[in-house]
Amino acid sequence: DAKTTQPNSMESNEEEPVHLPCNHSTISGTDYIHWYRQLPSQGPEYVIHGLTSNVNNRMASLAIAEDRKSSTLILHRATLRDAAVYYCILRLHGSGNTGKLIFGQGTTLQVKP
Amino acid sequence: DAGVTQSPTHLIKTRGQQVTLRCSPKSGHDTVSWYQQALGQGPQFIFQYYEEEERQRGNFPDRFSGHQFPNYSSELNVNALLLGDSALYLCASSLRGHYSYEQYFGPGTRLTVT
């Protein structure tokens with residue numbers, strides 16, 4: 001399984017943008033880049049995913065490098081409720097691996113008021 | 001529409017005992033995956049069930065077993081509990097065939113082994 005590398009922790013001020021980086025230099029052509037976050041005392045929740053192009057949804061944006069060896073999750077205006085552990089995960093595309101998510105340590109995001 | 005539900009919320013067991021945890025997937029989902037999350041760590045994949053069979057398995061001993069029922073709900077059984085089995089056990093559901101789509105996680109069952 002391809003590996004991802006994320007900073008252990010980051011801090012942000014409320015209502016400012018946050019850029020959470022992820023390195024995945026061994027990514028294969030069929031790996032999707034997924035981001036999940038885990039709020040305190042909750043199960044992980046899906047944030048966003050992408051393959052090659054940048055993606056936007058109501059929660060965040062995902063910027064993917066042209067060589068796909070890195071990506072950045074962008075929270076446009078951080079709120080206190082965005083304080084969580086953010087996981088960058090590579091998910092194989094194929095019939096043999098539809099469910100398995102390999103979580104790393106993730107990045108703990110602190111949001112200061 | 002109910003999301004993924006898990007029971008019980010918390011559980012305390014003694015070393016050597018056996019435990020059963022339960023999960024009901026999100027409506028419309030047919031695949032259930034189980035994860036173990038130790039304190040301060042990311043979740044680790046235990047196994048996945050689809051069509052009432054174990055389809056994928058992570059690096060967990062045979063003491064960990066599971067079952068999926070015709071209504072897609074699932075159980076996780078752990079035999080001969082060890083202190084190291086203390087963790088948050090998470091269930092996630094998804095719809096098979098949507099390889100790139102998200103998984104929905106339940107709130108977890110906190111298991112404490114004393």
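All figures in this text were calculated on a predicted structure; none of them were measured in a lab. Just so we're on the same page: letters track the sequence lines, and every chain starts at 1.
- No donor-acceptor pair closer than 3.5 Å links the side chain of A:Tyr46 to the backbone N or O of B:Phe105.
- Between the CD atom of A:Gln42 and the CG atom of B:Leu88 there is a distance of 11.5 Å, given to the nearest 0.5 Å.
- From A:His34, atom NE2 reaches atom CD of B:Gln103 across 9.0 Å, with rounding to the nearest 0.5 Å.
- Linking ILVMFWY side-chain heavy atoms closer than 4.5 Å, directly or via other members, places A:Val47 and A:Val18 in a single hydrophobic cluster.
- Shortest non-hydrogen contact noted between B:Leu90 and A:Gly43 is CD2-CA, 3.8 Å.
- Atoms CZ and CG, from B:Phe45 and A:Leu101 in turn, are 8.5 Å apart once rounded to the nearest 0.5 Å.
- Note on B:Val4: it does not cluster hydrophobically with B:Tyr49, by side-chain heavy-atom contacts below 4.5 Å among ILVMFWY residues.
- For B:Pro43, the parts sitting under 4.5 Å from any heavy atom of chain A are the backbone and the side chain alike.
- Following chains of ILVMFWY side-chain contacts shorter than 4.5 Å, one can reach B:Val19 starting from B:Val32, so the two form part of one hydrophobic cluster.
- By the rule that hydrophobic residues join a cluster once side-chain heavy atoms approach within less than 4.5 Å of another member, B:Tyr72 and B:Leu21 end up as members of separate clusters.
- Here A:Phe103 contributes atom CZ and B:Gln41 contributes atom CD; the two are 13.5 Å apart, rounded to the nearest 0.5 Å.
- Of the atoms belonging to B:Gln44, not a single heavy atom falls under 4.5 Å from chain A.
- B:Leu11 and B:Leu39 fall into different hydrophobic clusters, defined by Ile, Leu, Val, Met, Phe, Trp and Tyr side-chain heavy atoms under 4.5 Å apart, directly or through other members.
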